[in-house]
Amino acid sequence: MANFAKPDVPRFSVDVYQNEYLPEGGREVNAIVTVTATGGGTIGRGPGAAAAGRRPSAAVAVMVDCSGSMDYPPTKMRHARDATAAAVDTLRDGTRFAVIGGTHVATEVYPGGGRLAVAGPAAREEAKRALRRLSAGGGTAIGTWLRLADRLLASADVTLRHGVLLTDGRNEHESPDDLRAALDACAGRFTCDARGVGTDWEVKEVTAIASALLGTADIVADPAGLAADFTRMMETAMGKEVADVALRVWTPVGTAIRFVKQVAPAVEDLTGRRTEAGPRAGDYPTGSWGDESRDYHLCVEVPPAGLGREMLAARVSLVVPGPDGTAQNLGAQGLVRAVWTDDMTASTAISPQVAHYTRQAELAQVIKQGLDLRKVGDFDGATAKLGRAVQLASASGNADTAKLLAKVVDVVDAATGTVRLKTRVAEADEMTLETRSTKTVRVKK
């Protein structure tokens, strides 16, 4: 383990969990890398941050679906206004913010004029008065909402930029390519939490937004729950201390990275998001951090070596953009090793952390596969996949996912994964399972 602390940045530490022993000819090295940030709430970020002892500067854009479907039922729009007001009330004084109304176009609801307001008592009251004028009508083109949020957030000289996006329907008034282009343009510029309200939206669209922008995705099936959810989201956003943290992975000559995945608190494959960072090093984005801990699964292919040999398979560190655009190393570092042995007991043992998160990643995958098969009428295939999901959830202690699965299948025997598909499943229950399928539990110490 290595850690780093300066008076103007959170303290980061890195712990590596692995079985470093390989059999003769073995080439695959797996490790769980736990990254922990502490000191949140009392310190800011280094380059360009607020003075030590103060929170870093932040800008937030709240994007509210105002399409025609938000009027059905009429209380949905009212709850969306109330939720946005609750989010505004949760903003820290001095935070720059804007509210965007989203239909087939994006409209500046508050403050307008291409500007951001500065959170304080007067601005909060003005924003809430502006929210009362929100009404439903028009279509849905989420890419335009994101692009406007990007322009507004980019206008502020702040440390942290964050978006909150609410939708109740499918993105029907722009092409999937348009939305993907908007996400590509916004990725790395701000983080964004996405929420679907009701049951008429597309899970894969909402989760893709959160995934691309390194935020969270969830369902709020009952609009009455929006205010509480928005408050929690904004509290979390206000708790962030450092933006644009990247996991830097260096590997020696002859090695290859098979994958890098976040595995807690949710599964997110970062492999394809690598940016080169010098000879044999690459950066994987992790977004913004507060007081929290996350786990990553690193899989490296090493060249075979003789018995008794050992090598450094990878070195993991953390970096943020420095004031001159170059990466600033946060000092926390972890080492992944490979040792070749003829001790069969040592070389065949699987690290408990690696085994746990391998099962958690499989759990997320088989839930999605099972629900997709159920939707196309392959009930035998769906039963097999969701049965495996029940078995994995039970074995890993993922009680929350087990409860969600029990609303879609009747569990006969959790240990063996024996289940029966329910003949009737509430749409909200199925969507909740799909949306939350990637959420994981930490390995038991």
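The first residue of the sequence shown is numbered 1, and numbering continues consecutively from there. Because the structure is a prediction, the values reported are computed rather than measured.
D295 and T34 are linked by a side-chain donor-acceptor pair at a separation below 3.5 angstrom, with hydrogens and angles left out of the test. Side-chain contact of T275 with D283: a donor-acceptor pair under 3.5 Å is absent, judged by distance alone. At a cut-off of 3.5 Å, with distance as the only test, a side-chain donor of R442 or S293 sits close to an acceptor on the other residue. Donor-acceptor pairing under 3.5 Å is lacking for the side chains of S396 and N398. With no hydrogens or angles considered, a side-chain donor-acceptor pair links D193 and T216 at under 3.5 Å.
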>> Between I350 and N19, does the side chain to side chain contact (heavy atoms under 4.5 Å, CB included) criterion hold? Intermediate values first, please.
In response: CA-CA 6 Å; I350 300 176; N19 174 21; over 6 Å; no

> What do the steps show when you test N171 against T140 for side-chain hydrogen bond (donor to acceptor under 3.5 Å, both in side chains), and what is the final call?
Replying inline: CA-CA 5 Å; N171 196 45; T140 305; 6.0 Å; no

> M234 and L91: side chain to side chain contact (heavy atoms under 4.5 Å, CB included), yes or no, with the steps?
Replying inline: CA-CA 7 Å; M234 200 56 71; L91 291 170; 3.7 Å; yes

> Do T271 and R258 pass the side-chain hydrogen bond (donor to acceptor under 3.5 Å, both in side chains) test, and can you show the C-alpha distance, the side-chain angles, and the key distance before you say yes or no?
Replying inline: CA-CA 8 Å; T271 312; R258 288 190 174 178; over 6 Å; no

>> Before you tell me yes or no, could you show the steps for T432 and D429 under side-chain hydrogen bond (donor to acceptor under 3.5 Å, both in side chains), namely the whole-Å CA-CA distance, both residues' side-chain angles and the distance that decides it to 0.1 Å?
In response: CA-CA 5 Å; T432 301; D429 290 336; 5.3 Å; no

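A donor-acceptor contact shorter than 3.5 Å is absent between the side chain of D222 and the backbone of G225. Distance alone, capped at 3.5 Å, is enough to place a donor-acceptor pair between the W145 side chain and the T103 backbone. Under a 3.5 Å cut-off, the side chain of Q262 and the backbone N or O of R294 do not form any donor-acceptor pair. A donor-acceptor pair under 3.5 Å is absent between the side-chain atoms of R337 and the main chain of A314, judged by distance alone. No donor-acceptor distance shorter than 3.5 angstrom exists from the side chain of H297 to the backbone of I32, with no hydrogens or angles considered.
Ion pair E362/K385 not flagged as a salt bridge, since none of the NZ, NE, NH1 or NH2 atoms sits closer than 4.0 Å to an Asp/Glu carboxylate oxygen. Look at D269 and K261 and you find no salt bridge, because none of the NZ, NE, NH1 or NH2 atoms lies under 4.0 Å from a carboxylate O. Salt bridge present: R273 and E268 bring a charged side-chain N and a carboxylate O closer than 4.0 Å. Looking at R147 and D150, no side-chain N of the basic residue comes within less than 4.0 Å of a carboxylate O on the acidic one, giving no salt bridge. With respect to the salt-bridge test (charged N to carboxylate O, under 4.0 angstrom), the residues R124 and E126 do not qualify. In this structure, D400 does not pair ionically with K439, as no charged nitrogen and carboxylate oxygen lie closer than 4.0 Å.
With values rounded to the nearest 0.5 angstrom, R78 atom CZ is found 14.0 Å from L134 atom CG. Considering OG1 of T236 and CE of M233, their distance stands at 9.0 Å, rounded to 0.5 Å. Here the CD1-CG distance, from I100 to D65, works out to 13.0 Å after rounding to the nearest 0.5 Å. Atom CD of E434 is separated from atom CD1 of I367 by 10.0 Å, given to the nearest 0.5 angstrom. Note that CD of E205 is 10.0 Å distant from CG of L183, once rounded to the nearest 0.5 Å. The CG atom of D291 sits 10.0 Å away from the OG1 atom of T36 when rounded to the nearest 0.5 Å.
Counting heavy-atom neighbours within 6.0 Å of F259 CZ, excluding the residue itself, gives a total above 12. Around the NZ atom of K403, the shell of radius 6.0 Å holds no more than 12 heavy atoms that belong to other residues, nucleotides or ligands. For K407, the NZ atom counts as loosely surrounded, since its 6.0 Å shell holds 12 or fewer non-hydrogen atoms of other residues, nucleotides or ligands. Heavy atoms from other residues, nucleotides or ligands lying under 6.0 Å from CG of D157 number 12 at most.
What you find for Q18 and L335 is that their closest heavy atoms are OE1-O, 4.1 Å. The nearest pair of heavy atoms linking A61 to L153 is N-CD2, 3.8 Å. Across all non-hydrogen atoms, the minimal contact from F12 to V245 is CZ-CG2, 4.2 Å. The nearest pair of heavy atoms linking A313 to T251 is O-CG2, 3.5 Å. Heavy atoms only, all atoms of each residue included: V319 and A327 are closest at CB-CB, 4.1 Å. E108 and R115 make their closest contact through OE1-N, 4.0 Å (heavy atoms, listed as atom of the first residue, atom of the second, distance).
The distance between the ring centers of H162 and F190 does not fall below 6.0 angstrom.
A ring pair (Phe, Tyr, Trp, His ring centres under 6.0 Å) check over residues 110-130, counting only residues at least two apart or in different chains, returns the pairs F97-Y110.
Taking the side-chain hydrogen bond (donor to acceptor under 3.5 Å, both in side chains) definition, one finds that E125 meets it with K128, sequence neighbours left out. Partners of D372 according to the salt bridge (charged side-chain N to carboxylate O under 4.0 Å, His left out) rule, which considers only residues two or more places apart in sequence or in another chain, are K204.
Among R436, R424, R374, the one residue that satisfies the salt bridge (charged side-chain N to carboxylate O under 4.0 Å, His left out) test with E430 is R374.
For the pair R195 and W201, the cation-pi criterion (under 6.0 Å, within 45° of the ring axis) is not fulfilled.
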